[in-house]
Protein chains: 2
Amino acid sequence: MTHDLKESFSADSPPAPAALAAKVRTLAPSMTRSMQRVAEAVAGDPAGCAALTVTGLAELTGTSEATVVRTARLLGYPGYRDLRLALAGLAAHQQSGRAPSVTADIAVDDPIADVVAKLAYDEQQTLADTAAGLDTVQLGAAVAAAATARRIDIYGVGASSLVGQDLAQKLARIGLIAHSHTDPHLAVTNAVQLRSGDVAIAITHSGSTVDVMEPLRVAFDRGATTIAITGRPDGPVTQYADHVLTTSTARESELRPAAMSSRTSQLLVVDCLFIGVAQRTYETAAPALAASYEALAHRHAPRPR
Amino acid sequence: MTHDLKESFSADSPPAPAALAAKVRTLAPSMTRSMQRVAEAVAGDPAGCAALTVTGLAELTGTSEATVVRTARLLGYPGYRDLRLALAGLAAHQQSGRAPSVTADIAVDDPIADVVAKLAYDEQQTLADTAAGLDTVQLGAAVAAAATARRIDIYGVGASSLVGQDLAQKLARIGLIAHSHTDPHLAVTNAVQLRSGDVAIAITHSGSTVDVMEPLRVAFDRGATTIAITGRPDGPVTQYADHVLTTSTARESELRPAAMSSRTSQLLVVDCLFIGVAQRTYETAAPALAASYEALAHRHAPRPR
DNA sequence: AACACGGTTGAAAATATCTTTCAAATGTGA
DNA sequence: TCACATTTGAAAGATATTTTCAACCGTGTT
């Protein structure tokens, strides 16, 4: 416990890391020759020096450990250890300063690391856009309808079908009766069965996919509450929709199909819808979720050693 | 010999400061209780921990020096000293970028607008974590294998099956022979047909889903190049994987199942894989993509007036 | 030129910190 | 319950840091 006093000292008085180079210049005149060599090395390559031990830095500068420690002291740190920590911080800091221009399109010859960065950035952007553009009133209405629905039918084809399946899976997990339809004919056949109190959800990025519009129209005519999740709030599908949830569209490039970002956007909307429903049906949702985890437990292999 | 590449993951991961919190979550399940306590402390207060010595951190977490060192090792650092340096860097990093206030868990009584904001933020976080934690060497190897594969089989069940389908759909669109298998029996039956030059991809968040491991094992034994996309880089599935792509794990709450963020993470990985393959097969991929757009055009209704 | 003297320096000892070892404690499955 | 494997921390061992101290250097004086 006694050493803790030292800790508290280092906590309140270390110099601001950013000003290190300046401090070196300021204090240089009052330094001895060997100390200046050390200070120079430190100011010149903080990141590199952070990787060195006292001995390493002493050798690098052609001085001794003692001199390195003296320099650290002069710069305002309790010892070399703390200077080194500050150096690490400084390195990380200036690392982040160099913001990579990931805003560009993905090119054919981009290195794989750039692809990862750009893709992640794009999808993050898509999420932000979607969240910003989502009408919470419409979403609230959709949630209310879905939470009390007798049954929920979901239509989606192509890439959107996966989103539909995802939603259906999750709703089913919390005990709701939800089905995703991919086959347009079967979807229409099923839609005919719907009536007031049921919910139909169409997912289409273009807002004009016939195979998805048709079953929604039937459901609409039958009196079911209809929801459209689309990137085109003015598209044809919305004329059969009681509630419209808008997804965002990101620029697409040759290598990055629009389906990619629309899927991200659709999934966020669908997740919001799901969480909303789960909130409203919490009493039954929570145990249902727990039960489904339980049921799956035996499908996993034991931990290896 | 090829399988030894797996080793490189845990061994080479150098100071990746930004991804520390993510790494803690990813590796937490494979940690012992006391190690988790240490990891928690580190992830919770990087700045504070950076000021502590091994002994200090051991006392703080009620464990021993040995455990602290073990934890540092598991997180990918040579020892505590290096973890501490990374921590200092991280502290400086987050000092500059002030975190937003939507970090709280989603509660049962959150208004719908908050749900949207929190969910979007969480998914963005997941994307960032995934991108930071993705081993580009492994990814590059996976891309190379997939781009030249005679055929690609993809295994995934539950939520992961949708990710598998998404990947298969996209690869098929650029002219590759790719199939997603959901039925474990059929998957194994198909896996038997694989041989050297084919690629098998298993997608499982837990890393221990038997239904997915089994076909991958068969493919592995048959000499196919095997890829595992999993949130548990130390899970059983990796023993049959030539290349391991790690997805990140976000904290989950009662209302937000882990499946949600793992899906986001998996999709990003899969997208990166796809783009990588598309780059490598650009000559054939570009016209194939264009053709598939063309073919779908007539499935859309004309814009209404 | 020789000397004395204050400041500078690094080798080596002393200390602090980190790492490894190993046996006890704890948990786990038969 | 026992046998076995895993987890854990105390203490020994290895490194890194700090301190000590005598040698060294440069300068100014006699």
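Sequence lines set the chain letters: A, B, ... in the order given, protein chains first and strands last, and positions in each chain run from 1. Since the model is a prediction, treat every value here as computed from it, not as a measurement.
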**Q** Within this structure, what is the CG-to-C1' distance between B:L74 and C:dT19, rounded to whole angstrom?
**A**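 Value for this atom pair: 16 Å.
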**Q** From C-beta outward on B:S64, which listed nucleotide comes closest to its side chain: C:dT19, C:dT9, D:dG9?
**A** D:dG9
**Q** Does B:R263 form a salt bridge (Lys or Arg N to Asp or Glu O under 4.0 Å) with B:E123? I'd like the steps, not just the answer.
**A** CA-CA 10 Å; B:R263 181 207 58 200; B:E123 306 231 334; 3.7 Å; yes
**Q** For A:R73, which contact category applies under a 4.0 Å heavy-atom criterion: base, sugar-phosphate, or nothing?
**A** sugar-phosphate
**Q** Nearest whole Å is fine: how far is D:dT15 P from B:D82 CG?
**A**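 Atom CG in B:D82 sits about 15 Å away from atom P in D:dT15.
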**Q** Test side chain to side chain contact (heavy atoms under 4.5 Å, CB included) on B:H181 and B:N190 and set out the steps.
**A** CA-CA 9 Å; B:H181 300 278; B:N190 273 276; 3.6 Å; yes
**Q** With nearest nucleotide decided by heavy atoms, which residue, B:R70 or B:R33, maps closer to the 5′ end of DNA chain C?
**A**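 Upstream on the strand: B:R70.
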**Q** Determine the contact category for B:G62: base if any of its heavy atoms lies under 4.0 Å from a base atom, sugar-phosphate if only primed atoms, P, OP1 or OP2 are that close, otherwise nothing.
**A** sugar-phosphate
**Q** Just the rounded figure in Å: distance from P of D:dT17 to CZ of B:R84.
**A**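 Distance check: B:R84 CZ to D:dT17 P gives 10 Å.
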**Q** Just the rounded figure in Å: distance from C1' of C:dT19 to OH of B:Y80.
**A**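 To the nearest whole Å, that distance equals 14 Å.
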**Q** Check the distance between C:dA13's P and A:E65's CD and give it to me in whole angstrom.
**A**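 Going from CD in A:E65 over to P in C:dA13 covers 13 Å.
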**Q** Return the nearest nucleotide to the side chain of B:T63; candidates are C:dC18, D:dG9, C:dG10.
**A**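 Output: D:dG9.
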**Q** Is any NZ, NE, NH1 or NH2 atom of the basic residue among B:R37 and B:E40 found under 4.0 Å from an Asp or Glu carboxylate oxygen of the other?
**A** no
**Q** Output the single nucleotide from D:dT18, D:dT8, C:dG10 whose closest atom is nearest the side chain of B:T32.
**A** D:dT8
**Q** Within this structure, what is the CG-to-P distance between B:L57 and C:dA16, rounded to whole angstrom?
**A** 20 Å
**Q** Please determine if A:D271 and A:K170 form a salt bridge, counting it only when a charged side-chain N lies under 4.0 Å from a carboxylate O.
**A**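 Yes, this pair counts.
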**Q** Could you please name the option among D:dA16, D:dT17, D:dG9 that lies closest to any side-chain atom of B:T67?
**A** D:dG9
**Q** Taking for each residue the nucleotide of DNA chain C with the nearest heavy atom, is it B:V69 or A:A66 whose nucleotide lies nearer the 5' end?
**A** A:A66
